[in-house]
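In what follows, a structure is listed as structure tokens, so that the remarks can point back to it.
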Amino acid sequence: MPFDDLLAGIAADMRTVTDRGRVADYIPSLGSVDPARFGIALCTADGACHVAGDADLPFSIQSISKVFALTLALGKVGDALWSRVGREPSGSAFNSIVQLEREEGIPRNPFINAGALVCTDVHLAGHSPREAIGEILRFVRGLADDDDIVVDETVARSEQEQGFRNAALANYIRSFGNLQQPVDAVLGTYFHQCAIAMSCRQLALAGRYLMLGGRSPGAGRIVTPQRARRINAIMLTCGHYDASGDFAFRVGLPGKSGVGGGILAVAPGRGSIAVWSPGLNAQGNSQLGTLALERVSAALGWSIFDPVTA
């Protein structure tokens, strides 16, 4: 099936759906986003990029940024990171504090907020918040080969004003000695990281290294094939919080969602897919984005659980 026809058909179908979920209005600047928006982009292993809908309209990637932050943190401290952050699904909401008490300040995985704060702490070692944000931004720009990617300062400020739960998480982790940098610096850096704005096209391009065994067409070797495989594994098991099992069941691809309505999904060796629809389901994942990715995976036979065909 031609990719352009497939994506155009999905975008057309998504425009007719009435139940689009609910935008993340607990962050005021995200609550004003038009829920009618829908974009999708698919970049293939041969370098082609196919798009439909609002694929070139930037949106706040939010927790999708945790994929890039994890990649950088592993590049700095390697497997030592896993003594501070686990690799298991949480089975709880992305901003839950309950497990931290039972597990003594060690977050379950790097994709819940608590785990992402620890990764941010790693980035800040020897760096100011401005330097750490600049490093993440340069990394994402290099992956997408696009210097127009920016941090949305309005979103960052909105998150900072409403970031009480994240502040509680950070202070609780600090109380167990698992944050080494000042809490305010960790929080400020984290909020700005989540406020990076990208389009579906840019995000799909940036995710190619996870589709190509750790190699980016524009930036060269990013991580080893083994590390790319392991990041993909954590995306599959933890990338959609307490709906990760359902996403694996329906879509069958490693994926990472964000409350801005975006999802980055990876079909190893085949394609990098980014979808955006701001309405969220009850678990905080894009409602139409999940449906669209289910359609893509089924149409192309790209689920990692599908049998390999010649």
Side-chain angles (χ1 to χ4, degrees), residues 6-42 51-67 92-96 111-113 152 154-156 158-159 162-163 165 191 194-204 207 235 238-265 273-299:
L6 172 63
L7 299 190
I10 290 173
D13 289 347
M14 293 303 108
R15 284 195 293 270
T16 68
V17 177
T18 55
D19 182 6
R20 309 183 73 85
R22 180 178 178 180
V23 296
D25 53 6
Y26 66 92
I27 301 174
S29 59
L30 297 184
S32 61
V33 179
D34 182 359
R37 296 291 188 184
F38 176 86
I40 188 168
L42 186 158
V51 300
D54 299 309
D56 288 308
L57 191 65
F59 61 92
S60 181
I61 68 170
Q62 292 294 308
S63 286
I64 302 172
S65 67
K66 296 171 184 175
V67 174
S92 300
F94 62 90
N95 58 358
S96 173
F111 291 155
I112 56 174
N113 289 15
D152 187 325
T154 300
V155 173
S158 184
E159 291 202 59
Q162 301 296 323
R165 178 69 67 93
F191 292 140
C194 289
I196 292 173
M198 299 176 71
S199 67
C200 290
R201 186 193 300 268
Q202 291 168 331
L203 188 56
M235 289 174 69
C238 307
H240 281 71
Y241 313 117
D242 50 333
S244 296
D246 185 64
F247 188 82
F249 180 85
R250 293 174 57 186
V251 179
L253 295 174
K256 183 70 198 82
S257 67
V259 297
I263 302 174
L264 172 65
I273 314 161
V275 63
W276 172 54
S277 178
L280 309 179
N281 60 22
Q283 289 77 35
N285 305 308
S286 176
Q287 184 155 304
L288 296 193
T290 303
L291 178 60
L293 287 169
E294 185 177 11
R295 289 269 304 273
V296 170
S297 179

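Starting from 1, each residue takes its place in the sequence as its number.
Scanning both residues, Gln287 and Gly21, for their nearest heavy atoms gives NE2-N, 3.5 Å. Shown here for Gly289 and Ser277, the closest heavy-atom pair between the two residues is N-CB, 4.2 Å. Listed here is the closest heavy atom pair of Ala204 and Ala274: N-CB, 3.7 Å. In this structure, Ile273 and Leu42 approach most closely via the heavy-atom pair CG1-CG, 4.0 Å. For the pair Ala55 and Val51, the tightest heavy-atom approach, listed with the atom from each and the gap, is CB-CB, 3.5 Å. Nearest heavy atom pair, residue Ile64 against residue Ile263, reads CD1-N, 3.7 Å.
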>> Assess the residue pair Phe111 and Ser244 against the criterion (side chain to side chain contact (heavy atoms under 4.5 Å, CB included)); give the C-alpha distance rounded to whole Å, side-chain angles, the decisive distance to 0.1 Å, and a yes or no.
In response: CA-CA 11 Å; Phe111 291 155; Ser244 296; over 6 Å; no
>> Show, in sequence, the C-alpha distance, side-chain angles and deciding distance for Trp276 and Leu57, and conclude whether the side chain to side chain contact (heavy atoms under 4.5 Å, CB included) test is met.
In response: CA-CA 9 Å; Trp276 172 54; Leu57 191 65; 3.8 Å; yes
> Does the side chain to side chain contact (heavy atoms under 4.5 Å, CB included) test come out yes or no for Ile10 and Leu291, once each step is laid out?
Replying inline: CA-CA 9 Å; Ile10 290 173; Leu291 178 60; over 6 Å; no
> Under the side chain to side chain contact (heavy atoms under 4.5 Å, CB included) criterion, do Ser60 and Asp152 qualify, and how do the steps go?
Replying inline: CA-CA 7 Å; Ser60 181; Asp152 187 325; 5.9 Å; no
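Looking only at side-chain heavy atoms (C-beta outward), Phe191 and Val155 stay at 4.5 Å or farther from each other. Side-chain contact between Leu288 and Val275 is absent, with no heavy-atom pair separated by less than 4.5 Å. Residues Cys200 and Phe59 form a side-chain contact, since some pair of their non-hydrogen atoms from C-beta on lies under 4.5 Å apart. Contact check for Arg295 versus Asp13: side-chain heavy atoms found under the 4.5 Å cut-off. Under the 4.5 Å side-chain criterion, counting only non-hydrogen atoms from C-beta, Lys256 is in contact with Lys66. Counting heavy atoms from C-beta outward, Leu280 and Arg22 have side chains that stay 4.5 Å or more apart. Counting only heavy atoms from C-beta outward, the side chains of Leu30 and Gln62 approach each other to under 4.5 Å. You'll find the side chain of Val259 reaches within 4.5 Å of the side chain of Tyr26, heavy atoms only.
For the atom pair Asp242 CG and Gln283 CD, the distance stands at 5.5 Å (nearest 0.5 Å). Met235 CE to Phe247 CZ: the interatomic distance, rounded to the nearest 0.5 Å, is 8.5 Å. Distance OG/Ser65 to CG/Leu203: 10.5 Å, rounded to 0.5 Å. Atom OG of residue Ser257 and atom CD1 of residue Ile61 lie 12.0 Å apart, to the nearest 0.5 angstrom. Put simply, CG on Asp34 and CG on Asp54 are 8.5 Å apart, with the number rounded to the nearest 0.5 Å.
Of the possible donor and acceptor atoms, one in the side chain of Arg20 sits under 3.5 Å from a partner among the backbone N and O of Met14. Side-chain N or O atoms of Thr290 include one that pairs as donor or acceptor with a backbone N or O of Ser286 at under 3.5 Å. Side-chain N or O atoms of Ser32 include one that pairs as donor or acceptor with a backbone N or O of Ser29 at under 3.5 Å.
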